[in-house]
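Data first, discussion second: the structure below is written as structure tokens.
The chains referred to below are lettered A, B, ... by the order of the sequence lines, with proteins before strands, and numbering in each begins at 1.
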2 protein chains.
Amino acid sequence: MRERIQNIGLSIRKISEKAGKQDEIVRFDIGQPSFDTPEHVKEAAKKGLENKQGYSPMLGLEELREEIAKEESSKKGLEIDSEEVMVTTGGMGALYSVFSARLETDDKAVFDDPCWGPYKMISEVSENKWTQVQYWDQDRNLRPEAKKEIKEADLLVVNTPGNPTGYVLTEGQAREIAEFADRHDTFLVSDEVYHRLIYDKEHYSPAAYSNNYCIIGSTSKNHAMTGWRAGWVVDKPENIEQYAKVSRASTACPPRISQYAAIEALRNDSHVGEMSEAYRERRDLLVERMEGLGWDFVAPEGAIYAFPEVGEDSWDFCMKMIEEGVAMVPGEPMGPESDQNVRICFGSTTKEEINKAFDILEDELQ
Amino acid sequence: MRERIQNIGLSIRKISEKAGKQDEIVRFDIGQPSFDTPEHVKEAAKKGLENKQGYSPMLGLEELREEIAKEESSKKGLEIDSEEVMVTTGGMGALYSVFSARLETDDKAVFDDPCWGPYKMISEVSENKWTQVQYWDQDRNLRPEAKKEIKEADLLVVNTPGNPTGYVLTEGQAREIAEFADRHDTFLVSDEVYHRLIYDKEHYSPAAYSNNYCIIGSTSKNHAMTGWRAGWVVDKPENIEQYAKVSRASTACPPRISQYAAIEALRNDSHVGEMSEAYRERRDLLVERMEGLGWDFVAPEGAIYAFPEVGEDSWDFCMKMIEEGVAMVPGEPMGPESDQNVRICFGSTTKEEINKAFDILEDELQ
């Protein structure tokens with residue numbers, strides 16, 4: 001067995017395994033919507049079954065590629081053609097294809113601190129180097145330390161809205177980081193899989209200010225479709241051709257039926273507004289309850305996560321609180337500065353569950 | 001862009017692109033069943049939609065893992081537990097996970113000559129070395145040249161029934177190659193994705209004679225489910241854990257809805273007999289028509305392919321015959337000894353189409 005694979009830890013699994021064994025528990029640890037895939041999307045999948053379920057074209061069904069191109073073009077200043085779209089087995093398949101196709105063993109990717117843990121895992125499987133640095137200061141300016149790392153790196157991931165923080169870039173930030181990366185020939189991977197789940201702000205795609213980028217998208221979170229594995233990457237056709245080799249070698253092609261569902265989800269998307277309204281209410285409640293505990297946090301502006309500081313070791317805290325009936329994810333694996341933070345997913349729980357969990361936390365902590 | 005990725009050719013795509021542009025054409029080049037997924041399997045998928053379409057467990061739905069374990073256990077001498085099964089995004093996802101998790105950059109895989117082209121592509125993306133050698137002599141004995149390569153290699157792929165030849169190992173062959181690999185510590189990847197499509201013989205899994213193996217399986221060909229991407233790998237739980245890291249990094253998890261379909265396909269599988277009876281008839285017709293042309297070939301005993309020698313450069317021949325209305329795949333990318341062979345898929349065509357194609361070939365060649 002390859003050494004680098006054996007060295008990859010699956011530490012967070014400890015949380016879900018422990019949480020899964022408990023009867024009465026609020027699952028803030030699960031990173032996916034509480035909502036099921038909308039009924040009309042499921043109906044479209046059923047209708048899609050009238051077609052022969054043979055291999056999908058390697059780059060995805062043309063109809064879906066066109067819908068994705070339309071969706072991505074609606075972002076400020078972008079004109080995306082379906083030729084620039086490859087459908088993948090989820091956003092993860094898109095990220096993996098880009099990392100594996102682009103980065104040599106000695107090339108370096110840079111991630112924000114904190115960041116979504118799987119970026120590191122993708123790097124480790126795809127066997128490139130990575131580093132993590134906090135991108136933004138409190139005034140939303142790019143930190144000098146971040147500039148230094150971005151300059152030196154081959155690839156930069158910007159994730160807005162961000163997991164695990166819910167942080168959303170302003171137009172100025174999107175422009176600043178994209179232009180800075182461009183100037184230093186660092187390829188921009190703009191991970192926008194939560195771009196429709198934004199509460200008080202607007203979504204600005206850094207890609208709109210870059211000449212050297214790809215966009216990662218997915219139906220998973222925006223449309224409550226995590227189980228379908230329908231994601232995509234947008235890039236120049238000549239780059240798509242290279243990514244497609246990785247996608248082909250690792251999956252052959254994306255699942256066909258999921259693509260029929262994805263077409264419908266993108267075409268008739270009023271469910272997104274409904275779900276994100278519910279998330280906003282949960283976010284408001286969560287913020288209120290976190291304030292009640294006196295926790296230090298930045299209110300999430302998008303996505304479905306909050307990332308409060310809990311004032312003690314994140315692993316100890318999470319393992320303890322699971323026993324009390326609240327499952328959260330330790331911040332430690334998400335970044336060196338986050339070993340006292342925990343990730344709370346408010347997308348996966350109801351308001352009743354949020355209240356129940358915080359009643360428990362209040363009892364325990366006060 | 002990574003150099004090794006840029007160097008990967010997609011030469012066979014030339015064939016499907018050229019063939020796709022022609023109105024009247026028999027598509028022997030398409031490597032998938034002409035049959036659609038059986039209706040009862042589609043119905044099971046629809047029923048599966050009543051469940052919430054969230055992420056699947058990383059290793060697949062337990063119910064499916066149990067069905068797979070049962071299916072694999074039915075092979076001589078094997079007792080497989082569901083713990084030893086990981087569901088993947090098709091057989092390709094299984095192969096990629098095994099190659100990427102097991103092989104270091106300098107490790108070597110060995111493939112039969114000819115072999116299914118994507119083994120090489122998987123190696124090139126996963127960045128290990130590979131070599132190709134003809135395994136069997138005309139008397140079905142392991143060739144000395146093959147023994148030499150297997151001894152030196154880290155991983156050996158045995159594909160029975162085989163693509164592109166339709167060759168099926170006897171019990172003696174399955175035993176010989178498995179025991180030889182074991183003795184020399186070469187890990188056996190037993191690719192049995194066509195194991196239910198056998199015409200005059202029985203299927204013998206080399207895995208039954210090995211202590212150091214994995215089995216690659218899939219619903220794609222046996223059940224006419226190529227578009228669903230439901231495959232699997234069977235191995236010891238501690239190895240599955242390592243493969244799972246690659247599977248997770250490249251796909252997150254296998255698509256949920258496809259797993260409901262796969263459960264039904266394995267559970268109620270009378271369709272396999274019906275389809276393989278149709279394939280047998282086509283195979284018989286194809287053999288008769290190839291004999292009529294005086295081509296040199298070994299009659300396919302399983303899978304859905306024949307691999308005749310056509311007496312001229314395989315690329316020239318295939319490009320010429322597409323113009324006449326018959327699309328076949330050149331043997332050249334499948335092995336150094338096969339540059340005058342072509343692959344004919346009889347699984348993708350009707351008997352009428354086979355006759356039509358061979359009427360054309362007779363006109364052209366005689």
- request: Could you look at S126(A) and say if it's the side chain, the backbone, both or neither that has a heavy atom under 4.5 Å from chain B?
  value: both
Counting only heavy atoms closer than 4.5 Å, note whether [X] contacts chain A via side chain, backbone, both or neither.
| X | answer |
| --- | --- |
| N51(B) | backbone |
| S97(B) | neither |
| M225(B) | backbone |

I'd like to know if the side chain of [X] and the backbone of [Y] have a donor-acceptor N/O pair within less than 3.5 Å.
| X | Y | value |
| --- | --- | --- |
| Q6(A) | Q242(B) | no |
| Q32(B) | Y55(A) | yes |
| R2(B) | A101(A) | no |

[X] to [Y] - nearest heavy-atom pair and separation:
| X | Y | result |
| --- | --- | --- |
| K52(B) | F35(A) | CE-O, 3.4 Å |
| Q53(A) | T37(B) | CB-OG1, 3.5 Å |
| R4(B) | S100(A) | NH2-OG, 3.6 Å |
| I122(A) | A249(B) | CG1-O, 3.6 Å |
| E3(B) | E104(A) | N-OE2, 2.8 Å |
| R102(A) | M1(B) | NH2-CE, 3.7 Å |

field: Spacing of OH belonging to Y96(A) relative to OG1 belonging to T251(B), to within rounding of 0.5 Å
entry: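 Those atoms lie 10.5 Å apart.
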Spatial distance of atom CH2 (W228(B)) from atom OG (S258(A)) [nearest 0.5 Å]: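 Answer rounded to 0.5 Å: 9.0 Å.
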Most heavy-atom pairs under 4.5 angstrom with chain A, which of [options]?
| options | value |
| --- | --- |
| E127(B), E39(B), R256(B), K42(B) | K42(B) |
| A244(B), S250(B), G93(B), A224(B) | S250(B) |
| L103(B), D107(B), I30(B) | L103(B) |
| S56(B), G54(B), G90(B) | G54(B) |

Non-hydrogen side-chain atoms of P254(A) and R229(B) separated by less than 4.5 Å: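 Of all side-chain heavy-atom pairs linking R229(B) with P254(A), none is under 4.5 Å.
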side-chain contact (heavy atoms from CB on, under 4.5 Å) evaluation trace for L49(B) with K46(A): CA-CA 9 Å; L49(B) 285 175; K46(A) 289 183 191 166; 3.8 Å; yes
query: Is the count of non-hydrogen atoms from other residues, nucleotides or ligands lying under 6.0 Å from K236(A) atom NZ greater than 12?
result: yes
- prompt: Looking at G91(A), S247(A), S34(A), which makes the most heavy-atom pairs under 4.5 Å with chain B?
  reply: S34(A)
query: Which residue pairs pass the salt bridge (Lys or Arg N to Asp or Glu O under 4.0 Å) test when at least one of the two sits in residues 242-254 of chain A, sequence neighbours left out?
result: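 The answer is none; no pair qualifies.
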statement: Residues passing the ring pair (Phe, Tyr, Trp, His ring centres under 6.0 Å) test with Y305(B), sequence neighbours excluded, are Y194(B)
